[in-house]
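Notes for the one structure printed next.
Index from 1, following the sequence.
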Amino acid sequence: MQDLFSLKDKVALITGSTKGIGLSIAETYAAAGAKVVISSRKAEVCEAVANDLREKGYEAIAKPCHIGDKAQLQDLVDTTLATWGKIDVLVCNAATNPVYGPLSELTDDAWDKIMDTNVKSTFWLCNMVLPGMAEAGGGSVILLSSIAAIKGNDKIGCYGMSKAAEAALTRNLAVEWGPKGIRVNAIAPGVVVTDFAKALVEDPKRKAIVENQTPLRRLGQPIDIAGVAQFLATDASAYMTGQYLVADGGTTIC
């Protein structure tokens, strides 16, 4: 019987994979048989994560990359192809949100940093990877969006706009590359216990409010998102593309 959730012999490139959701996805993929590329800005951190995976018997390489630098992104892709000859799964996880507050106070520099890092870099990376995927017969692309893309707020509005743009990018890439056997889907996490949500997680009152507003009555953990990412990378989701999967404990249904 076919193992629908296996990633045996697949090569997965995961940005922002040294901590939080990205790290959990890398660990989950490796355990499912994938060869994983660990990437974030700091070389020593990338190497430490890759070493840890290799010590567990998995196949992993480390390649630092600042996703806002197009040349570094191309080097990341080229290094992966030089090492393993293909990219079967691309996970665009790395993102930034340097400011909190109303849009009326947002500077042009902050706008550019958020949009360039979260949207343009994903656009660049997909254009670098997808042609090779098509030549190889297909693959899976997973973009990490956010429920901030579908709910308005007065603290991270620009971040939410960037994540909404990624959702639109998902649908358009799915249409464009579907005939070539490439599936493109997005995950929209709710509040997950990571550095991004540190201020909320470490405030007992705010944490309790969010938990009480969530039908499952808890915050998400990185593994909650990694499981969805494994589903989207494998044959278990072979007939899904252009979709936006919300994993938020039910927050957005209330």
Side-chain angles (χ1 to χ4, degrees), residues 5 7 12-32 34 36-42 45-46 48-50 52-53 58 60 62-67 76 89-98 114 117-119 121-122 125-126 140-151 156 159-160 162-167 169-170 184-202 207 210-211 214 216 218-234 237 243-252:
F5 293 90
L7 286 170
L13 170 55
I14 308 152
T15 64
S17 48
T18 56
K19 62 182 179 179
I21 291 171
L23 173 58
S24 191
I25 291 173
E27 292 172 335
T28 300
Y29 280 10
V36 298
V37 182
I38 302 300
S39 183
S40 68
R41 294 180 65 173
K42 297 181 179 179
V45 180
C46 292
V49 172
D52 181 62
L53 290 173
Y58 304 135
K63 180 61 180 177
C65 175
H66 184 325
I67 62 170
L76 173 63
V89 182
L90 171 63
V91 180
C92 298
N93 170 68
T96 191
N97 183 56
I114 292 169
T117 302
N118 297 357
V119 184
S121 70
T122 298
L125 187 53
C126 288
S140 176
V141 178
I142 301 161
L143 308 188
L144 268 293
S145 183
S146 168
I147 62 168
I150 53 178
K151 292 185 67 176
I156 54 171
Y159 175 80
S162 74
K163 291 301 175 179
E166 282 190 308
L169 179 61
T170 296
V184 187
N185 293 286
I187 304 173
V191 180
V192 178
V193 180
T194 63
D195 286 348
F196 185 85
K198 187 175 181 180
L200 184 150
V201 172
E202 294 182 348
K207 180 173 179 287
V210 174
E211 289 174 333
T214 303
L216 290 183
R218 69 175 178 86
L219 302 184
Q221 297 293 328
I223 191 64
D224 294 322
I225 309 306
V228 181
Q230 181 178 354
F231 167 67
L232 291 176
T234 64
S237 60
Q243 301 305 305
Y244 191 76
L245 275 67
V246 176
D248 67 350
T251 302
T252 52

Please walk me through it: do Ile142 and Ile25 pass side-chain contact (heavy atoms from CB on, under 4.5 Å)?
CA-CA 11 Å; Ile142 301 161; Ile25 291 173; over 6 Å; no
Take Tyr159 and Asn118 through the side-chain contact (heavy atoms from CB on, under 4.5 Å) test and state the conclusion after the steps.
CA-CA 8 Å; Tyr159 175 80; Asn118 297 357; 3.6 Å; yes
Please test Thr18 against Lys42 for side-chain contact (heavy atoms from CB on, under 4.5 Å), starting from the C-alpha separation and ending with a verdict.
CA-CA 9 Å; Thr18 56; Lys42 297 181 179 179; over 6 Å; no
Residues Val49, Ser40; criterion side-chain contact (heavy atoms from CB on, under 4.5 Å); working and verdict
CA-CA 10 Å; Val49 172; Ser40 68; over 6 Å; no
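Scanning all heavy atoms of the two residues, the minimum distance from Glu211 to Arg218 falls at CG-CA, 4.1 Å. Of all non-hydrogen atoms in Ile156 and Ala148, the two that sit nearest each other are CD1-CB, 4.1 Å. Summarising the geometry of Ile14 relative to Ala26, their closest heavy-atom pair is CD1-CA, 3.6 Å, with the distance given to 0.1 Å.
With hydrogens and angles disregarded, no donor-acceptor distance shorter than 3.5 Å links the side chain of Tyr244 to the backbone of Thr170. Panel note: side chain Thr194, backbone Ile21; no donor-acceptor pair is recorded below 3.5 Å. With hydrogens and angles disregarded, no donor-acceptor distance shorter than 3.5 Å links the side chain of Asn93 to the backbone of Leu144. Under a 3.5 Å cut-off, the side chain of Thr234 and the backbone N or O of Phe231 do form a donor-acceptor pair. Using modelled atom types, no side-chain atom of Ser162 and backbone atom of Val119 make a donor-acceptor pair closer than 3.5 Å. Ser24 places no side-chain N or O within donor-acceptor distance of the main-chain N or O of Gly20, the cut-off being under 3.5 Å. No donor-acceptor pair closer than 3.5 Å links the side chain of Ser39 to the backbone N or O of Thr15.
Expressed to the nearest 0.5 Å, how far CD1 of Ile38 lies from SG of Cys46 amounts to 7.5 Å. Atom-to-atom distance recorded for Leu7:CG and Thr28:OG1 is 10.0 Å, nearest 0.5 angstrom. The NZ atom of Lys63 sits 12.0 Å away from the CG atom of Leu13 when rounded to the nearest 0.5 Å. The distance from atom OH of Tyr29 to atom OG of Ser17, rounded to the nearest 0.5 Å, is 11.0 Å. Expressed to the nearest 0.5 Å, how far OG1 of Thr96 lies from CD1 of Ile114 amounts to 7.0 Å.
Exactly one residue among Val191, Ile147, Val192 makes a side chain to side chain contact (heavy atoms under 4.5 Å, CB included) with Asp248. That residue is Ile147.
Two residues are said to be in side-chain contact when any heavy atoms from C-beta on lie closer than 4.5 Å; Gln221 and Asp224 meet this criterion.
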